Amino acid sequence: SKGNHRHFMLKEIYEQPVVVAQTLRAYLRRLDGEVALPTENFDLAAVKRVTIVACGTSYYAGLVAKYWFEQFARVPVDIDFASEFRYREPVLEPGGLALFISQSGETADTLAALRHARLGGQTIAVVVNVPTSTMAREADLLLSTHAGPEIGVASTKAFTCQLAVLAAFAANLARAKGRLTRDEERRIVRHLSEAPAALAAALAYDEAIEAMAPLVAVARDVLYLGRGVDYPLALEGALKLKEISYIHAEAYAAGEMKHGPIALIDDSVPVIVIAPSGPLFDKTVSNMQEVQARGGRVILISDYDGIQAAGDDCLATITMPKVHPLIAPLVYAVPVQLLAYHVAVAKGTDVDQPRNLAKSVTVE
Ligand code: M6R
């Protein structure tokens with residue numbers, strides 16, 4: 001049931017601190033400071049390339065994971081939409097690891113891609129939320145998210161749980177590759193363990209986001225900008241907004257704006273900038289200022305320091321807790337979800353059952 005919440009989507013957004021904790025418990029030995037994935041029977045040290053395949057929100061979780069796998073484990077990652085994967089004749093070398101990400105475990109394109117990779121001799125790892133699903137059954141390495149049933153068509157808690165598993169997996173792969181000292185592993189475990197409390201702190205901004213929803217609800221087009229792992233989050237934000245509020249939204253890597261899309265900017269296009277303080281902050285802010293110089297109105301999502309440094313000329317700001325960059329993608333998912341949710345409510349759309357969409361896409 002929806003409990004006290006008006007929609008399943010909101011209930012599921014609010015479940016995130018608990019379900020992410022549940023998911024992390026399965027993959028971290030917190031007291032020992034170790035990541036613990038069921039990989040004993042796999043020679044991860046021999047993995048030379050990872051191929052990630054998924055659709056929709058699960059694909060965006062995969063995009064974040066690409067940054068992590070390459071950064072921690074120094075293993076090159078290819079990533080495809082499942083609907084593109086088979087048809088581009090991907091080069092699958094023996095000994096490769098193919099990773100499929102899916103809430104339902106039944107998405108037709110992802111399942112077909114999995115079978116294609118199997119024929120290509122890949123080891124099949126699967127991050128799924130439904131443990132009885134077809135993908136779970138066909139996996140060599142099953143990494144379940146423990147988000148519980150997700151009812152809202154817009155995926156929320158499954159996404160943050162996918163990120164939790166993928167971060168632990170990246171650390172696990174890095175360790176197998178000899179790329180992680182004991183201390184670094186301990187630190188990763190500690191940062192990941194801080195995610196549930198940080199998610200709860202992010203939820204505290206719900207009312208403030210609700211109050212600014214009308215600013216976005218009147219728009220015909222919305223842009224989302226981010227750099228690094230915040231770019232996939234921008235993509236996720238745009239997808240959430242499109243699918244439940246029916247407002248046209250696009251995401252760009254912040255540095256790409258000046259290569260074309262900045263021509264769209266005027267005061268009728270709200271620009272949502274996702275920029276936690278950190279090494280990429282100044283770069284993103286200078287892209288944000290290019291937007292503002294052309295009359296663009298910005299909603300900046302950052303932490304206290306970031307808002308202090310760059311929030312002055314913004315239309316609105318959303319203050320997140322200051323968190324370690326590793327867990328920032330989980331934490332910043334929350335305001336992005338809440339903004340889409342409240343805009344949809346303001347527009348009076350059917351949040352849990354948006355038009356033209358099904359929870360699980362079982363046709364190609
Ligand atoms: O069940 P899956 O994770 O395989 O589903 C993939 C997409 O269909 C799904 O994420 C879709 O994009 C959501 N409606 C996004 O909110």
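Read the numbers this way: they start at 1 and go in the same order the structure lists the ligands and their atoms. Predicted model, so just to flag it, every value in this text is computed and none were measured.
- Cation-pi geometry between Arg355 and Tyr246 is met: under 6.0 angstrom from the ring centre, within 45 degrees of the axis.
- When ring centroids are compared, His7 and Tyr341 come within the 6.0 Å threshold.
- At least one heavy atom of Lys240 sits closer than 4.0 Å to an atom of ligand 1.
- The Ser104 neighbourhood of ligand 1 comprises atoms 1 (O), 2 (P), 4 (O), with distances under 4.0 Å to a heavy atom of that residue.
- Atom OG1 of residue Thr319 and atom CD of residue Gln308 lie 8.5 Å apart, to the nearest 0.5 angstrom.
- The hydrophobic cluster around Val128 extends to Val53, Phe85, Leu92, Phe100, Leu111, Leu114, Ile124, Val126, Met135, Leu142, counting ILVMFWY residues whose side-chain heavy atoms fall within less than 4.5 Å of a member.
- Of the protein's non-hydrogen atoms, the one nearest atom 7 (C) of ligand 1 is Cys55 O, 3.7 Å.
- Looking at atom 8 (O) of ligand 1, its nearest protein heavy atom turns out to be Val361 CG2, 4.1 Å.
- Residue Ser58 approaches ligand 1 through these ligand atoms, each under 4.0 Å from one of its heavy atoms: 2 (P), 3 (O), 10 (O).
- Interface of Ala154 with ligand 1, defined as ligand atoms under 4.0 Å from a residue heavy atom, comprises 16 (O).
- Nearest to atom 12 (O) of ligand 1 among the protein's heavy atoms is Gly56 CA, 3.3 Å.
- Taking the six-membered ring where the residue is Trp, the centroids of Tyr231 and Tyr252 are separated by 6.0 Å or more.
- Residue contacts with ligand 1 include Val153, since one or more of its heavy atoms lies under 4.0 Å from the ligand.
- Applying the 6.0 Å contact sphere to CZ of Arg190 captures more than 12 heavy atoms from other residues, nucleotides or ligands.
- Looking at Thr57, Thr156, Thr362, it is Thr57 that brings a heavy atom closest to atom 9 (C) of ligand 1.
- Screening Arg29, Arg186, Arg175 against Glu34 for a side chain to side chain donor-acceptor pair (under 3.5 Å) leaves a single residue, Arg29.
- Inspection of the Thr145 and Asn129 side chains reveals an N or O donor paired with an N or O acceptor under 3.5 Å.
- Note: an N/O pair closer than 3.5 Å links Gln103 and ligand 1 by distance alone.
- For ligand 1, the atoms closer than 4.0 angstrom to any heavy atom of Ser102 are 1 (O), 2 (P), 3 (O), 4 (O).
- The protein heavy-atom contact nearest to atom 4 (O) of ligand 1 is Thr107 OG1, 2.4 Å.
- Once rounded to the nearest 0.5 Å, the distance linking NZ of Lys242 with CG of Leu357 reads 11.5 Å.
- Residue contact check: Glu243 has heavy atoms under 4.0 Å from atoms 13 (C), 14 (N), 15 (C), 16 (O) of ligand 1.
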